[in-house]
Protein chains: 2
Amino acid sequence: MSAGVDERGTEARATIVDVARHAGVSKSTVSLVLSGSSLVAESTRTRVSQSMSDLGYIYHRGAATLRGAKSRVLGMVINDLSNPFFVEMAIGIEEACQGGAFIPFIANTVENPVRQLQVIRSMREYGAAGLALSPAIASSALELKPLLSDMPVVQVMRRLPGLRASIVAPENRFGARKAVQHLIGLGHKRIAFVGGFPAMSVREERLAGYAEALDEAGLPYDPALVIEAPINPSGAAGVAPQLLRSSTAALCFNDVVAIGLIRAFAAAGVEAGRDFAVVGFDDIDEARHIFPALTSVAVNGRALGARAAQLLMRQLASGDFAPENILSPTTLVVRVSCGASRQPGVSS
Amino acid sequence: MSAGVDERGTEARATIVDVARHAGVSKSTVSLVLSGSSLVAESTRTRVSQSMSDLGYIYHRGAATLRGAKSRVLGMVINDLSNPFFVEMAIGIEEACQGGAFIPFIANTVENPVRQLQVIRSMREYGAAGLALSPAIASSALELKPLLSDMPVVQVMRRLPGLRASIVAPENRFGARKAVQHLIGLGHKRIAFVGGFPAMSVREERLAGYAEALDEAGLPYDPALVIEAPINPSGAAGVAPQLLRSSTAALCFNDVVAIGLIRAFAAAGVEAGRDFAVVGFDDIDEARHIFPALTSVAVNGRALGARAAQLLMRQLASGDFAPENILSPTTLVVRVSCGASRQPGVSS
DNA sequence: TTGTAGGCGTTATCAA
DNA sequence: TTGATAACGCCTACAA
């Protein structure tokens, strides 16, 4: 009579007790092997390891956390994975985690606050050690707060007003200001700001930079030139005609909007850079490749994500969760779509 | 003297016992409320719920699985989130999960078998109910098998030979055959197959379709025209010169390769569709938007992911994990890059 | 270096 | 309709 497991057809999950019995040691010894303790003899360790793989043993982390072990899982709550920028950010977080021996699990909230709530709750329930959070658009700090208490959280990219948590974000205001200064330098007087909706923190910051640059140049801030639109290609397409009537240049909320705009323009026979100046934000990969190449404020999502993960892991290691603010630099990358440097087409 | 928790500055996590005490019931009742049992009186339920939010109670799923509760978490192990196709697939899985009350957690293995092993192990340890797996390129069924035993697994897109698990995949062979038939119909005699490496299941299937079409048309299968390359834009760029020397058309392993190729060609003054026929595979969003628009075999990653998730949830519900094969249809979408329908440029 | 004895938060079983 | 009690698998002492 062995473990009383093999008897039935259905295999019960092997436990450390089974492993201990199989290896001829006590379960404490197995536990020590599991935690990589140096107390255990080399020969014992190999014997126990062998037994574990023989039995197909799988560590039961639920039982472990119950007893007080701490988790090596980081939750990444990302608002929209269909935007390549956030994918880059997620990859940056992942890369940083590898160095720190954490395993990141991603959840995509699709800009849905309800789903975000579910997802964060699940991550807590499963014992994630910390959270990297890029909040969904319409989410509120109020509903999140009770879920996040006593857990280290780093906000990435987006800031939820009222949430006392660290944040890693780009210098949105500065970048937007530079971009608009550049457009002004090219002689534009009627410059629009396109995309997003009020109450989005990133938009507010970028819009502030836009307003600053206008102000510096003595140009009026015209609310009619600040145009709301969904953050997707068709959202941008919808406002293209309006833009053409009201302005000669636009700073777009981000590259997704800018690219949507360039395409909508192209479909209408309007060429960005020649007939209308377009500047994006984020500098995603496609910005380089679209025709005409998109001038954009580079954010480097990968570095942003990496910094967030590093901050999170540092907080986890030190136990000090005092909120920190990290601003990561932005730079204007001038290409063709703003009309600064007209380049001839590839051939023809 | 209350729970002996509030006394110290540090708040311990509230448990059902704390909730029970706060609500003046037993912990069994709280447990019943948690599981949504209809046995409990309405008034009791509200009182308990109130206590839970008062105390900031968070369900401890580790303890629950320890006792035998089953998990509502699905693990999605994705090989490469920087490829938009796999992002689409992940989104498809997520969407399907929402309907089924499962929460999917994504892990990106970055085509790294070691990382994949870690990630799958973690998911098991944390008690994921099932796995949707798009295996990393160099991973082997052998090393995965012990980790996956007794857990429902659905492979998506890619097939790991030797792994006894369901699979949801596109009709790669059929799609590739159609694409090559189309190129042959346009008069091409020397058609290359570009991208990927041997031992990739998807490539083998697409290559088989390629070979079939050649055979049907009485054209020779020339190994020199089957060109290996990494699945990324620069990989494609590296083999562009070779392609121009050896052939007049190419079926690319996927759109990422095709797009890389088109760009490399453009940089060299070669226009796809005019000077060389290019066909991709997957029909990602960008295929429509690149210039010239890419002819591609459409796979619909979102639907593929959704099917996989549905299958997984069905297996979870029924308890029957018998492997199933689901082939999802592919269709050739003819655009400009294959040269079938030359369109004038937008302006000029 | 290894073994023994609780207890972590939850659910299932049974009683009341 | 609610309450008491015994597991579940692991970790942390402490003893040997």
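In what follows, chains carry the letters A, B, and so on, assigned in the order in which the sequence lines appear, proteins first and then strands, with residues in each chain numbered from 1.
- In this structure, R45(B) atom CZ and dT1(D) atom C1' are separated by 12 Å, rounded to whole Å.
- Between the CG atom of L66(A) and the C1' atom of dA7(D) there is a distance of 12 Å, given to the nearest Å.
- The side chain of V40(B) has dT2(D) as its nearest neighbour among dG9(D), dG3(C), dT2(D).
- Within the 4.5 Å cutoff, the side chain of I93(A) has heavy atoms near those of the C97(A) side chain.
- Considering only side-chain atoms of L32(B), the nucleotide from dG3(C), dT2(D), dT11(C) that sits closest is dT2(D).
- Within 4.0 Å (heavy atoms only), V30(A) reaches no atom of the nucleic acid at all.
- In this structure, V33(A) and V19(A) have side chains that are not in contact, with every pair of non-hydrogen atoms separated by 4.5 Å or more.
- Put simply, T29(B) has a side-chain N or O that comes within less than 4.0 Å of OP1 or OP2 on dG3(D).
- Listed nucleotides: dC11(D), dT2(C), dT11(C). Nearest to the side chain of T44(A): dT2(C).
- Computed from coordinates, the H60(A) NE2 to dC8(C) P distance equals 18 Å when rounded to whole Å.
- The base of dT4(C) does not come close enough to the side chain of K27(A) for any donor and acceptor atom to sit less than 3.5 Å apart.
- Each of dC11(D), dG9(D), dG3(C) was ranked by its minimum atom distance to the side chain of Y59(A); first place goes to dC11(D).
- Rounded to whole Å, the distance from CG on L39(B) to P on dT11(C) is 15 Å.
- The interatomic distance linking K70(A) (NZ) with dC11(D) (P) rounds to 12 Å, in whole Å.
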- Message: Show, in sequence, the C-alpha distance, side-chain angles and deciding distance for S71(B) and Y126(A), and conclude whether the side-chain hydrogen bond (donor to acceptor under 3.5 Å, both in side chains) test is met.
- Response: CA-CA 10 Å; S71(B) 156; Y126(A) 278 92; 2.8 Å; yes
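- Atoms CD (E125(A)) and P (dG9(C)) sit 15 Å apart, rounded to a whole Å.
- Of the charged side-chain nitrogens involved, at least one lies within less than 4.0 Å of a carboxylate oxygen, so that E324(A) and R314(A) count as a salt-bridged pair.
- Between S31(B) and dT11(C) there is a side-chain N or O to OP1 or OP2 distance below 4.0 Å.
- In this model, the phosphate group of dC8(D) is not approached by any side-chain N or O of T15(A) to a distance below 4.0 Å at OP1 or OP2.
- Going from atom CG of L34(B) over to atom C1' of dG9(C) covers 11 Å, rounded to whole Å.
- A donor N or O paired with an acceptor N or O is found under 3.5 Å between the base of dC11(D) and the side-chain atoms of R67(A).
- If you measure from atom CD1 of I16(B) to atom C1' of dT2(D), you get 14 Å, rounded to the nearest angstrom.
- Heavy-atom nearest nucleotides on DNA chain D were determined for A63(B) and for S38(B), and the one closer to the 5' end corresponds to S38(B).
- Evaluation of atom-type donor-acceptor distances gives a pair under 3.5 Å for the side chain of S28(B) against the base of dA4(D).
- With contacts defined as side-chain heavy-atom distances shorter than 4.5 Å, the pair N79(A)/M157(A) does not qualify.
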